Protein chains: 2
Amino acid sequence: MPKRTLDQVRETRETVLRRSADVASVNGLDGLSFSQIAAEVGLSKSGLAGYFESKTDWQLAVIGYARSVFRESVIDIGRESSNVNTPLIVSTCRAWLDYIELPVFPGGCFFAAAAAEFDDREGVVRDAIRGTYAQLRKYIAALAGRDADEKGAGEQTAFELIAVMIYLNQSLRLGGDHQTGSMARRSISRIIGHPVDK
Amino acid sequence: MPKRTLDQVRETRETVLRRSADVASVNGLDGLSFSQIAAEVGLSKSGLAGYFESKTDWQLAVIGYARSVFRESVIDIGRESSNVNTPLIVSTCRAWLDYIELPVFPGGCFFAAAAAEFDDREGVVRDAIRGTYAQLRKYIAALAGRDADEKGAGEQTAFELIAVMIYLNQSLRLGGDHQTGSMARRSISRIIGHPVDK
DNA sequence: CCTACCGATCGGTAGG
DNA sequence: CCTACCGATCGGTAGG
């Protein structure tokens with residue numbers, strides 16, 4: 001008979017992953033250390049490490065968790081707030097702006113940070129980040145391609161939208177630029193052909 | 001009488017900074033370690049550390065060196081290759097694309113990597129990176145504003161250009177996307193109102 | 001510019 | 001899930 005129920009284990013794991021994703025959004029996925037996160041969630045270093053096979057396995061689990069946060073904060077909210085006056089691409093861009101500007105993760109967009117950190121290192125972590133971006137590009141391209149004239153216009157729109165979102169995120173995190181928000185909104189409105197301001 | 005001439009010291013320092021910038025473009029500015037770079041340039045760890053007051057001072061020197069590389073590779077080449085058929089904004093974008101795609105630094109754009117790494121950490125390193133972006137934005141906005149109708153159009157153009165360049169860089173480094181180059185060129189051509197392909 | 005060292009921290013494991 | 005340990009590496013410094 002286990003000392004902790006399966007639900008308790010699941011809850012601890014959830015707490016660990018949430019805290020890990022928050023820290024990784026600021027310090028990077030390599031900036032995660034077992035000892036630091038363990039202290040923050042009230043475990044011993046080895047107690048925490050026991051939840052994962054290795055640091056890489058831990059990083060993959062954190063990426064999976066961050067993906068679920070992005071899905072809930074951007075994709076799902078975008079779907080729920082679309083209506084007859086608000087096409088899905090517009091409501092999704094609004095949820096996306098909120099995700100970046102709130103920000104949902106304390107270090108801003110988790111995937112912008114993770115991509116820059118791992119984009120030159122081969123391995124399963126980079127593969128997971130690449131897959132996340134590929135899936136996002138495909139989803140946004142499908143939304144944008146619905147009311148497009150030319151073939152390939154959806155892909156082009158998705159490329160430009162992601163570019164603006166990444167630079168908006170970087171500029172907000174770096175600080176010192178008070179025009180960023182309005183310039184990003186002007187670009188997004190032009191790219192999707194619809195005002196993005198509420 | 002010093003054992004090494006001032007020119008030799010300057011040459012060693014140049015070698016150290018070039019190698020440091022190359023490594024930092026891949027592993028990040030925090031990924032630099034005295035022992036690793038020292039071994040690569042044939043110095044002892046303390047021999048290398050003696051060139052700088054601290055690791056932070058070293059990172060600032062590397063940023064300054066990377067700035068000179070960007071200036072020579074993008075700003076200066078852009079100026080030299082402008083002519084009656086090629087506005088400065090166009091030739092600069094072409095040099096910029098080369099800087100990213102060659103790539104000049106083995107890890108792609110040094111400043112895209114540095115910004116993502118330090119954008120959440122207060123201090124002189126972040127300040128230096130922010131200043132570099134601010135200067136670039138101002139320069140590009142001035143180029144783009146020359147033949148613009150509206151006021152503020154130059155700033156908007158600079159914002160969108162940098163966004164596309166950053167995402168082009170990220171997508172190339174992450175790999176697996178064969179459309180990136182042509183999509184970036186299509187965006188850039190539209191943003192500056194002039195075909196960027198040679 | 002070198003060797004030799006400092007304390008701190010890392011990921012990981014042994015053993016319970 | 002804990003304590004206690006491993007070898008490796010870090011930035012930095014003492015002393016020459």
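Numbers restart at 1 for each chain; the letters A, B, ... are given by sequence-line order, proteins then strands. Given the structure is predicted, the values throughout are model-derived calculations rather than measurements.
- Taking R130(B) as the reference, D127(B) meet the salt bridge (charged side-chain N to carboxylate O under 4.0 Å, His left out) condition, with sequence neighbours excluded.
- When ring centroids are compared, Y167(A) and F159(B) come within the 6.0 Å threshold.
- Near DNA chain D, defined here as any heavy-atom distance below 4.0 Å, there are no residues from residues 24-38 of chain A.
- Checking side-chain atoms of E160(B) against main-chain N and O of V164(A) turns up no donor-acceptor pair under 3.5 Å.
- Not counting sequence neighbours, A39(B) has no partner by the side-chain contact (heavy atoms from CB on, under 4.5 Å) test.
- Residue pairs that meet the ring-ring contact (aromatic ring centres under 6.0 Å, His included) test with at least one member in residues 13-35 of chain B, sequence neighbours left out, are F34(B)-W58(B).
- Paired runs in DNA chain D that reach 3 or more consecutive Watson-Crick or G-U pairs, where each pair keeps both distances under 3.5 Å, cover C:1-16 with D:1-16.
- Considering only residues two or more places apart in sequence or on other chains, S91(A) meets the side-chain contact (heavy atoms from CB on, under 4.5 Å) condition with S81(A), S82(A), T86(A), L88(A).
- Side-chain contact between L168(A) and L97(A) is present, with heavy atoms from C-beta onward closer than 4.5 Å.
- For A134(B), the side-chain contact (heavy atoms from CB on, under 4.5 Å) criterion is met by no residue, not counting sequence neighbours.
- With dC1(C), dG12(C), dC1(D) as the choices, the nucleotide that has an atom nearest any side-chain atom of S54(A) turns out to be dG12(C).
- Without hydrogens or angle criteria, R71(B) side chain to D76(B) main chain gives no donor-acceptor distance under 3.5 Å.
- Here the side chains of N27(B) and L32(B) are not in contact, with every heavy-atom distance at 4.5 Å or above.
- Rounded to whole angstrom, the span from the CG atom of L48(A) across to the P atom of dG11(C) amounts to 10 Å.
- Residues satisfying the salt bridge (charged side-chain N to carboxylate O under 4.0 Å, His left out) criterion with R79(A), sequence neighbours excluded, are absent altogether.
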Detail all sub-3.5 Å separations between protein N/O atoms and N/O atoms belonging to nucleotides 13-16 of chain C.
unit_1	atom_1	unit_2	atom_2	d
dT13(C)	O4	S46(A)	OG	2.4

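- For the segment residues 55-63 of chain A, residues with any heavy atom less than 4.0 angstrom from an atom of DNA chain C are, sorted by number, K55(A).
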Anything under 3.5 Å between a donor and an acceptor, one on a side chain of residues 42-54 of chain B, the other on a protein residue two or more places apart or in another chain? List them.
unit_1	atom_1	unit_2	atom_2	d
S44(B)	OG	G47(B)	N	2.9
S54(B)	OG	T56(B)	N	3.4
S54(B)	OG	D57(B)	N	3.1

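- With sequence neighbours excluded, the residues forming a side-chain contact (heavy atoms from CB on, under 4.5 Å) with N85(A) are N83(A), listed by chain and number.
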